[in-house]
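Input: a single structure, listed below in C-alpha cells.
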Amino acid sequence: MTDDDWIPGKQNRNGVYCPTETLTLQRDAKGWRGCPRVEIDLVELPEGWRSSLNYSFFTGSHMGSASPTTDRDPLHPTRRAAIAQQVEKLRGVCARLIDESMKREALEMLTWADSLIPDQLDLFGEAA
C-alpha cells in the first residue's frame with residue numbers, strides 16, 4: 001500500500017475508507033498496553049458519514065474487535081448520527097459482559113463514549 005492509496009475520505013483499492021477523523025479513548029499505560037481502548041473512525045463523504053468501532057478490553061477475557069470502514073457500514077446524514085450508532089454498538093457489547101473487571105472497564109469506556117455528544121448540542125440544533 002502506498003500513500004496514494006490511503007487518502008482521508010477515500011477508499012483504497014480494497015474498498016476500505018481512510019478515516020477523515022478518529023475519536024480515541026487512549027489507555028494510560030506505556031508500550032503495547034497503551035494502545036487505544038476505544039476508537040471510532042469517521043469518514044465524511046459527499047453523501048453523508050460512515051463510521052466504524054474498534055475496542056479492546058485489558059481485563060477479563062481481553063476481548064476486542066476492530067473493523068475497517070467500508071460501504072457495508074450504514075450511511076448517516078450527520079457526523080453526530082454516525083457517532084451515535086457506534087456508541088450504541090459499544091453499549092450492546094458492554095451490556096453482555098459478565099466479568100466484573102470488564103464491567104468496570106466498560107463503565108469507563110461508556111462514560112467516554114457518552115461524552116462525545118453532549119445533550120447541550122440539542123439546544124442549538126443538529127451538530128455536523
Side-chain angles (χ1 to χ4, degrees):
M1 187 178 304
T2 66
D3 288 342
D4 294 339
D5 199 30
W6 199 239
I7 302 166
K10 303 292 182 195
Q11 282 183 306
N12 68 15
R13 64 178 167 253
N14 298 310
V16 174
Y17 285 99
C18 178
T20 52
E21 180 181 3
T22 300
L23 306 174
T24 305
L25 172 62
Q26 199 68 33
R27 187 162 191 268
D28 188 22
K30 295 184 189 251
W32 70 270
R33 291 181 180 268
C35 65
R37 297 169 73 185
V38 182
E39 286 184 327
I40 296 175
D41 287 336
L42 298 164
V43 179
E44 183 178 13
L45 302 166
E47 61 273 11
W49 292 79
R50 295 193 192 277
S51 59
S52 60
L53 174 68
N54 305 303
Y55 62 89
S56 183
F57 287 89
F58 290 86
T59 59
S61 67
H62 301 280
M63 75 173 199
S65 178
S67 63
T69 308
T70 67
D71 284 335
R72 289 185 304 237
D73 295 297
L75 188 62
H76 298 279
T78 64
R79 176 182 178 273
R80 181 181 179 142
I83 294 169
Q85 183 217 5
Q86 299 311 324
V87 170
E88 285 308 307
K89 189 183 290 186
L90 180 63
R91 192 174 309 290
V93 167
C94 293
R96 295 187 296 274
L97 296 174
I98 56 173
D99 181 276
E100 289 303 318
S101 63
M102 291 175 76
K103 286 181 182 182
R104 285 190 298 276
E105 197 170 352
L107 180 60
E108 295 171 3
M109 294 162 86
L110 290 172
T111 298
W112 170 81
D114 288 341
S115 76
L116 297 174
I117 308 174
D119 291 338
Q120 291 84 353
L121 289 177
D122 291 336
L123 299 173
F124 305 105
E126 182 72 20

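Keep in mind that the numbers below use all heavy atoms, side chains included, and drop hydrogens, waters and symmetry copies. For the single chain, residues carry numbers from 1 onward in sequence order. Just so it is clear, the structure is predicted and the values come from calculations on it, not from any experiment.
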Look at the side chain of [X] and the backbone N and O of [Y], then say whether any donor-acceptor pair between them is shorter than 3.5 Å.
| X | Y | result |
| --- | --- | --- |
| Glu21 | Val43 | no |
| Glu105 | Thr59 | yes |
| Thr24 | Gln26 | no |
| Asn14 | Val16 | no |

Fill in: Over 12 foreign heavy atoms within 6.0 Å of NZ, Lys10
no
List the atom of [X], the atom of [Y], and the distance in Å for their closest heavy-atom pair.
| X | Y | value |
| --- | --- | --- |
| Ser101 | Gly60 | OG-N, 3.4 Å |
| Phe58 | Cys35 | CZ-SG, 3.4 Å |
| Ala82 | Ser51 | O-OG, 3.0 Å |
| Ala106 | Cys94 | CB-SG, 3.4 Å |

Discussion item. Is there a side-chain contact between Ile117 and Val87 in this structure, where contact means two heavy atoms from C-beta onward sitting under 4.5 Å apart?
Written reply: no
Distance in Å, [X] [atom1] paired with [Y] [atom2], rounded so as to fall on 0.5 Å steps:
| X | Y | atom1 | atom2 | result |
| --- | --- | --- | --- | --- |
| Asn54 | Gln86 | CG | CD | 9.0 Å |
| Leu25 | Ser56 | CG | OG | 11.0 Å |
| Asn12 | Ile7 | CG | CD1 | 10.0 Å |

Item to complete: Under the side chain to side chain donor-acceptor pair (under 3.5 Å) rule, collect the residues that match up with Arg91, sequence neighbours excluded.
Response: Glu88, Asp114
Indicate if [X] and [Y] have the same hydrophobic cluster label, given that clusters are the connected sets of ILVMFWY residues with side-chain heavy-atom separations under 4.5 angstrom.
| X | Y | result |
| --- | --- | --- |
| Trp112 | Met63 | yes |
| Leu45 | Leu42 | no |
| Leu107 | Phe57 | no |

Fill in: Salt-bridge criterion met for Glu108 and Arg37 (N-O under 4.0 Å)
yes
Consider only side-chain N and O atoms of [X] and [Y], and report whether a donor and an acceptor are under 3.5 Å apart.
| X | Y | value |
| --- | --- | --- |
| Tyr17 | Asp71 | yes |
| Glu44 | Thr20 | no |
| Asp73 | Gln85 | no |
| Asp41 | Thr22 | yes |

Practice prompt. Would you please test Ser61 and Met102 for side chain to side chain contact (heavy atoms under 4.5 Å, CB included) and show each step?
Written response: CA-CA 8 Å; Ser61 67; Met102 291 175 76; 3.7 Å; yes
Practice prompt. List the steps and the verdict of side chain to side chain contact (heavy atoms under 4.5 Å, CB included) for Trp49 and Leu75.
Written response: CA-CA 6 Å; Trp49 292 79; Leu75 188 62; 5.8 Å; no
Discussion item. Pair Val38, Leu53 - check side chain to side chain contact (heavy atoms under 4.5 Å, CB included), show working.
Written reply: CA-CA 7 Å; Val38 182; Leu53 174 68; 3.9 Å; yes
